[in-house]
Amino acid sequence: MASSSTRLVALILGYGKGVGSAVAQKLKSEGLSVAVAGRSIDSDDVRNEGYLPVTVDLADAEAIPKAFEQVERELGPAALVLYNAYSLRSPQPADPLSLPFSDFLHGLSVTGVNAYVAAQQSLKGFDKLPSDVPKAFIVNGNVLPFIDPIEPFLSLGLGKKAARDIVQVAADAYGPAGKRFYFAYQVSPDGQGIAGETQKYWDLQAHADTFYSLWKQSEQGNWHVKFEQGGKLHVLQ
């Protein structure tokens with residue numbers, strides 16, 4: 001594990017009261033210094049919870065490196081980066097091309113394309129850390145990249161597909177050197193996405209525990225990770 005003189009830092013991009021909050025609490029309890037980033041961050045509340053607030057619009061690719069610079073300046077390079085951002089803007093029912101292009105592009109950028117910039121910045125930070133510090137970039141994904149398109153979720157699904165592909169090629173290229181990349185998400189016991197009737201299985205703590213465990217892994221392993229309620233890993237088919 002890391003030298004006692006190395007501060008272990010985590011950055012959550014796309015912080016909110018759901019997964020982001022659960023993961024931040026878990027990481028803080030495990031001794032990491034946590035920075036949380038988003039467009040509408042309540043700095044006072046975040047600081048009261050013990051986190052570094054970082055205000056950034058993740059639709060703006062040029063703003064993302066500045067967020068990483070702030071974290072490195074105030075805490076140090078992030079050893080764990082969670083990309084938890086998404087934007088869902090849906091077209092009119094039965095009219096998939098009715099969504100304005102600006103809204104379509106916004107969803108695509110926030111959800112996945114701009115994860116490319118975040119992955120680049122994460123890698124730069126990983127290179128500044130000692131070799132014995134665990135390093136991982138994790139996208140909080142979903143099943144959309146692995147199923148047929150769903151009309152209301154077209155831009156969301158394409159964004160997640162972009163993030164998936166970014167993770168896959170990065171894991172192959174950098175994972176063997178200890179700079180690891182994952183596309184991880186919760187599924188129901190039968191491996192389906194969490195929505196509608198399966199929403200009863202939604203487990204914030206499972207997200208937090210799984211993401212922390214992925215960061216602690218000593219080897220890359222599979223970049224595609226599915227987990228169930230309680231944190232049990234789901235066998236990939």
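Since the structure is predicted, the reported quantities are computational estimates derived from the model, not experimental observations.
The CG atom of Leu129 lies 8.5 Å from the CG atom of Asp127; values are rounded to the nearest 0.5 Å. Note that CZ of Phe126 is 8.5 Å distant from NZ of Lys135, once rounded to the nearest 0.5 Å. In this structure, the separation between NZ on Lys28 and OH on Tyr51 is 5.5 Å, given to the nearest 0.5 Å. Interatomic distance, Tyr83 OH to Thr111 OG1, rounded to the nearest 0.5 Å: 7.0 Å. We find the CD-CG distance between Gln220 and Leu214 to be 9.0 Å, quoted to the nearest 0.5 Å. The structure places OG1 of Thr55 at 6.5 Å from CD1 of Ile41, a figure rounded to the nearest 0.5 Å.
Side-chain contact between Ile166 and Phe181 is absent, with no heavy atoms from C-beta onward closer than 4.5 Å. With contacts defined as side-chain heavy-atom distances shorter than 4.5 Å, the pair Lys66/Val56 does not qualify. Annotation: side chain of Leu204 is in contact with side chain of Val19 (closest heavy-atom distance under 4.5 Å). You'll find the side chain of Gln192 stays beyond 4.5 Å of the side chain of Val187, heavy atoms only. You'll find the side chain of Val9 stays beyond 4.5 Å of the side chain of Pro77, heavy atoms only.
Transitive grouping of hydrophobic side chains (ILVMFWY, heavy atoms separated by less than 4.5 Å) brings Val71 and Val117 into a common cluster. A chain of hydrophobic side-chain contacts below 4.5 Å, direct or via other Ile, Leu, Val, Met, Phe, Trp or Tyr residues, connects Ile147 to Phe183.
Note: Phe211 and His207 have perpendicular aromatic rings, judged against thresholds of 30 and 60 degrees for the angle between ring planes. Using bins of under 30°, 30° to 60° and over 60° for the plane-to-plane angle, the ring pair Phe146/His224 lands in the parallel bin.
A donor-acceptor distance shorter than 3.5 angstrom exists from the side chain of Trp215 to the backbone of Ala79, with no hydrogens or angles considered. Between the Gln217 side chain and the Glu219 main chain, a donor and an acceptor come within less than 3.5 Å of each other. Listed for the Gln121 side chain is no donor-acceptor partner under 3.5 Å among the backbone atoms of Ala67. One N or O on the side chain of Asp203 and one on the backbone of Gly230 form a donor-acceptor pair closer than 3.5 Å.
Between Glu72 and Lys128 a salt bridge is recorded (basic side-chain N to carboxylate O distance below 4.0 Å).
When the shell of 6.0 Å around OH of Tyr174 is examined, it contains 12 or fewer heavy atoms from other residues, nucleotides or ligands. Under a cut-off of 6.0 angstrom, the local environment of OH in Tyr116 is sparse, with at most 12 non-hydrogen atoms contributed by other residues, nucleotides or ligands.
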Can you give the donor-acceptor pairs under 3.5 Å from side chains of residues 85-93 to other protein atoms, not counting sequence neighbours?
residue: Ser87; atom: OG; partner: His106; partner atom: ND1; Å: 3.0
residue: Arg89; atom: NH1; partner: Asp103; partner atom: OD1; Å: 2.9
residue: Ser90; atom: OG; partner: Pro152; partner atom: O; Å: 2.7

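By the 6.0 Å and 45° rule, Lys26 stacks over the aromatic ring of Tyr212.
Partners of Asp60 under the salt bridge (charged side-chain N to carboxylate O under 4.0 Å, His left out) rule, at least two apart in sequence or in another chain, do not exist in this structure.
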Check the pair Ser29 / Gln25 against side-chain hydrogen bond (donor to acceptor under 3.5 Å, both in side chains), numbers first and verdict last. CA-CA 6 Å; Ser29 74; Gln25 291 174 25; over 6 Å; no
